[in-house]
Amino acid sequence: MLDGSGIDAVIDWFARAGRELPWRASDASAWGILVSEIMLQQTPVVRVLPRWQEWMRRWPRPQDLAEAPTADVLRAWDRLGYPRRALRLQACARAIVEEHGGEVPVGLEALRALPGIGEYTAAAVTAFAHHERAVVADTNIRRVLVRCVRGEAFPGSTFTASQRALATEVLPAETERSVRWNQAVMELGALVCTSRSPHCEVCPLAPHCAWLAKGRPADSGTRARTQAFEGTDRQMRGRIMALLREGPASRERIAQLRTDEADDRVPRCLDSLVADGLAVVEDRTVRLP
DNA sequence: AAGACGGGGTC
DNA sequence: GACCCAGTCTT
């Protein structure tokens with residue numbers, strides 16, 4: 001049962017044990033918070049930290065990023081992964097400049113219309129940057145709620161309608177408290193109620209947790225297999241991008257990235273990178289856009 | 001609803 | 001070597 005006292009326990013825990021992250025600082029801009037949310041999509045905090053610092057020093061306002069050469073943006077993205085996010089972030093900056101006067105828009109609908117911003121990020125920016133009440137549900141929050149209230153080990157890969165209903169139901173009515181709760185429960189999922197080996201012995205929700213009460217049963221259903229990475233197009237795209245970040249490369253140089261005679265990924269991946277706008281081919285040379 | 005899309009740390 | 005990470009976009 002997750003009642004007001006459970007909410008309080010998590011908020012108190014957060015005040016005590018929450019990390020001091022730069023995008024959580026009181027002087028963080030809405031734009032800085034939005035940038036952090038994009039970078040944190042599928043990328044852990046520790047790897048985002050140094051890239052975010054450099055990024056914000058270099059492009060403190062949407063207008064700055066909007067005007068930057070895309071090649072610089074992709075190099076600054078470095079190895080955060082999913083470089084299409086960097087492209088979308090710059091497109092997002094340009095949309096903010098052109099359609100919102102350079103200010104991060106307020107409201108879920110306006111935010112969701114921006115490139116790279118989906119349901120989660122729109123809610124996160126609404127809560128953390130604009131301090132409004134929003135149903136934030138990332139993988140951490142979904143896991144905590146599913147365990148605590150439903151007694152299940154894992155939330156699954158998709159944000160279901162019933163999970164949305166659960167998150168909505170639990171969200172405190174008062175704005176300030178809802179913002180604090182979102183922040184706190186997300187941090188709880190990141191630090192305590194982790195996917196692999198949760199630290200229930202220090203969890204503020206332990207007295208409220210249905211999953212713990214049931215003896216932490218393993219997942220009943222079949223868990224989705226993690227997709228392999230070795231030998232995939234994603235891996236090769238990453239290798240090509242790593243090469244291009246160092247500078248323009250000849251087609252011959254790119255072709256050498258093939259791992260063996262049977263590896264036919266290079267031409268296909270190069271085409272897909274060009275189609276995505278992540279690479280440009282002119283004559284026999286390949287470079288960042 | 002399922003698949004594509006990086007990269008690295010951890011157990 | 002599988003699993004996980006403040007998801008989004010496209011079929």
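Only a predicted model underlies this, so the values are computations on that prediction, with no experimental measurement involved.
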So does A:Arg79 reach the base of B:dG7 with its side chain, donor to acceptor, closer than 3.5 Å? no
Look at all strands and tell whether A:Trp23 reaches a base, only sugar-phosphate, or nothing, counting heavy atoms closer than 4.0 Å. base
Where each residue is assigned the nucleotide of DNA chain C containing its nearest heavy atom, which of A:Ala122 and A:Thr194 is assigned the position nearer the 5′ end? A:Thr194
Decide, yes or no, whether a salt bridge links A:Arg237 with A:Asp276 under the criterion of side-chain N to carboxylate O below 4.0 Å. yes
Between B:dC5 atom P and A:Glu230 atom CD, what is the distance in whole Å? 16 Å
Carefully, step by step, assess A:Arg133 and A:Arg177 under the rule side chain to side chain contact (heavy atoms under 4.5 Å, CB included). CA-CA 9 Å; A:Arg133 189 172 179 278; A:Arg177 188 171 160 82; over 6 Å; no
Would the base of B:dC11 count as contacting A:Arg196 through its side chain, where contact means a donor and an acceptor less than 3.5 Å apart? no
Toward the 5' end of DNA chain B, which comes first, A:Asp276 or A:Thr158, by nearest nucleotide? A:Thr158
What's the verdict on side-chain hydrogen bond (donor to acceptor under 3.5 Å, both in side chains) for A:Glu67 and A:Gln63, showing C-alpha distance, side-chain angles and the deciding distance? CA-CA 6 Å; A:Glu67 294 169 351; A:Gln63 182 180 343; 3.2 Å; yes
Nucleotide N/O to protein N/O under 3.5 Å, stretch nucleotides 9-11 of chain C:
| from | atom 1 | to | atom 2 | distance (Å) |
| --- | --- | --- | --- | --- |
| C:dC9 | OP1 | A:Gly116 | N | 2.8 |

Examine C:dT8: is either OP1 or OP2 under 4.0 Å from a nitrogen or oxygen in the side chain of A:Arg85? Give yes or no. no
Is the shortest side-chain heavy-atom distance between A:Thr139 and A:Phe159 below 4.5 Å? no
Taking the basic N atoms (NZ, or NE/NH1/NH2) and the acidic carboxylate oxygens, is any pair closer than 4.0 Å for A:Glu99 and A:Arg94? no
Could you check whether A:Ser195 gets within reach of a base, just the sugar-phosphate, or nothing at all, counting any heavy atom under 4.0 Å? sugar-phosphate
Using only heavy-atom distances, decide whether a donor-acceptor pair under 3.5 angstrom links the side-chain of A:Thr139 to the base of C:dG7. no
Whole angstroms only, please: what is the CG-C1' distance between A:Leu80 and B:dG9? 15 Å
Pick the P atom in C:dT11 and in B:dG6, then give their distance to the nearest Å. 16 Å
Give the dot-bracket string for DNA chain B, reading 5' to 3', where a pair is Watson-Crick or G-U wobble with both distances under 3.5 Å, ( ) marks pairs inside the strand, [ ] marks pairs crossing earlier ones, | marks a partner on another strand, and . marks unpaired. |||||.|||||
Looking at the side chain of A:Arg143, which of C:dC5, B:dC5, C:dA6 is the nearest nucleotide? C:dC5
Under a 4.5 Å cut-off applied to non-hydrogen side-chain atoms, are A:Met236 and A:Asp263 in contact? yes
Any idea which of B:dC5, C:dC3, C:dT8 is nearest the A:Thr121 side chain? C:dT8
Between P of C:dG7 and CG of A:Leu111, the distance in whole Å: 17 Å
Taking the P atom of each, how far is B:dA4 from C:dA6, in whole Å? 23 Å
Heavy-atom side-chain proximity of A:Arg287 to A:Leu244 below 4.5 angstrom: no
Without decimals, in angstroms, what is the distance between A:Arg245 CZ and B:dG7 P? 6 Å
Between B:dG8 atom P and A:Phe229 atom CZ, what is the distance in whole Å? 8 Å
Is it the case that atom CD in A:Glu109 sees more than 12 heavy atoms from other parts of the structure closer than 6.0 Å? no
Which residue, A:Ser197 or A:Gly238, contacts DNA chain B at a nucleotide closer to its 5' end, judged by nearest heavy atom? A:Gly238
Is the distance between the ring centroids of A:Trp31 and A:Trp59 under 6.0 Å? no
Rounded to the nearest angstrom, tell me the gap between atom CG in A:Asn140 and atom C1' in C:dA6. 7 Å
Output yes when A:Asp271 and A:Arg268 qualify as a salt bridge under the 4.0 Å nitrogen-oxygen rule, no when they do not. no
Gap in Å between the two P atoms, one belonging to B:dC5 and one to C:dG1, rounded: 23 Å
Compare side-chain N and O positions of A:Gln41 against OP1 and OP2 of C:dG7 and report whether any pair is under 4.0 Å apart. no
Between C:dA6 (C1') and A:Arg47 (CZ): distance, integer Å: 14 Å
If I take atom CZ in residue A:Arg234 and atom P in nucleotide B:dG7, what distance separates them, rounded to the nearest angstrom? 10 Å
Establish, with yes or no, whether the OP1 or OP2 oxygen of B:dA4 is under 4.0 angstrom from a side-chain nitrogen or oxygen of A:Gln227. yes
Is it true that A:Glu152 and A:Arg147 make a salt bridge, defined as a side-chain N closer than 4.0 Å to a carboxylate O? no
